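FYI, side chains are in, hydrogens and waters are out, and symmetry mates aren't considered; it's all heavy atoms of this structure. Note that the numbering runs from 1 along the sequence shown for the chain. If you're wondering where the values come from, they're calculated on a predicted model, not measured in any experiment.
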Amino acid sequence: VQLQASGGGLVQAGDSLRLSCAASGRTFSSFIRGWFRQAPGKEREFVAAISLSNGRTNYVDSVKGRFTISRDNAKDTVYLQMNSLKPEDTAVYFCAAGPVLGTTRESYGFWGQGTQVTVSS
């Protein structure tokens, strides 16, 4: 499975961004797509995940109500709509694929390259 993340950028607090994660290759066994982020000097943390089979989602508490993960199964692409961005959302965002709707890095066996999101105050 190959994952290509895109959509990062520099925005101001309160702005919105939409990240995309396009998958290719043999994806049939990795039907969960997740987003993680890693700020400088911090551990990579779970942000959101979605099941491509039933649309079930999971979010970290800090983004609930602001971020929305969605899918386009025809394109095998997952999106992360990020609204009301805060400076503490600044991080490199990574997309991942795996077989279970988990919140740990170990739940995901495939990772894309990161895309930088910077939110200025």
Would you call the rings of F67 and Y93 parallel, tilted or perpendicular, where under 30° means parallel and over 60° means perpendicular?
tilted
Look at D61 together with K64 and state whether they make a salt bridge at an N to O cut-off of under 4.0 Å.
yes
Gap between atom CG of L80 and atom CZ of R18 - 0.5 Å precision:
10.5 Å
Tell me whether the guanidinium CZ or amine NZ of R44 lies under 6.0 angstrom from the six-membered ring centre of F36 and within 45° of its axis.
no
Donor-acceptor under 3.5 Å (N73 side chain, L52 main chain):
yes
Decide whether V92 and V60 are clustered together by the hydrophobic rule: side chain heavy atoms of Ile, Leu, Val, Met, Phe, Trp, Tyr closer than 4.5 Å, transitively.
yes
Within a 6.0 Å radius of atom CD on Q12, are there more than 12 heavy atoms belonging to other residues, nucleotides or ligands?
no
Does G112 offer a backbone N or O that forms a donor-acceptor pair with the side chain of Q4 under 3.5 Å?
no
Taking atom OG of S20 and atom CD of Q81, what is their separation to the nearest 0.5 Å?
9.5 Å
Minimum heavy-atom distance between S16 and V11, given as atom pair plus value:
O-CG1, 4.3 Å
I'd like to check M82 versus V117 (side-chain heavy atoms, cut-off strictly below 4.5 Å). Are they in contact?
yes
Can any side-chain N or O of T90 pair as donor or acceptor with the backbone N or O of V119 at less than 3.5 Å?
yes
Rounded to the nearest 0.5 Å, how far does CZ of F110 lie from CZ of R33?
9.5 Å
At their closest point, which heavy atom of A49 faces which heavy atom of G102, and how far apart are they?
CB-O, 4.4 Å
Could you tell me which non-hydrogen atom of G8 sits nearest to which non-hydrogen atom of T115, and how far apart they are?
N-OG1, 3.1 Å
For V1 and A97 the tightest heavy-atom approach is CG1-CB, 4.4 Å
Flag, side chain of R66 to backbone of S84, donor-acceptor distance under 3.5 Å:
yes
If I take atom OG from residue S62 and atom CZ from residue F46, how far apart are they, to the nearest 0.5 angstrom?
10.0 Å
Using a 3.5 Å distance criterion without hydrogens, assess whether the side chain of Y59 forms a donor-acceptor pair with backbone atoms of I69.
yes
If I compare all heavy atoms of S121 with all of A13, which pair ends up nearest, and what's the gap?
CA-CB, 4.4 Å
L17, I50: one ILVMFWY side-chain cluster at the under-4.5 Å cut-off?
yes
Criterion side-chain hydrogen bond (donor to acceptor under 3.5 Å, both in side chains) on Q116 and T118, from CA distance to verdict
CA-CA 6 Å; Q116 177 71 48; T118 303; 3.3 Å; yes
To the nearest 0.5 angstrom, please state how far the CD1 atom of I32 sits from the OG atom of S53.
6.0 Å
Y108: which residues meet the side-chain hydrogen bond (donor to acceptor under 3.5 Å, both in side chains) condition with it, sequence neighbours left out?
none
Determine, using the 4.5 Å side-chain heavy-atom cutoff (strictly less than), whether F31 and W111 are members of one ILVMFWY cluster.
yes
Please report the closest heavy-atom contact between N54 and R71, naming both atoms and the distance.
C-NH2, 4.2 Å
Between V78 and W35, is any pair of side-chain heavy atoms under 4.5 Å apart?
yes
Hydrophobic cluster identity match, V63 and Y79, side-chain contacts under 4.5 Å
no
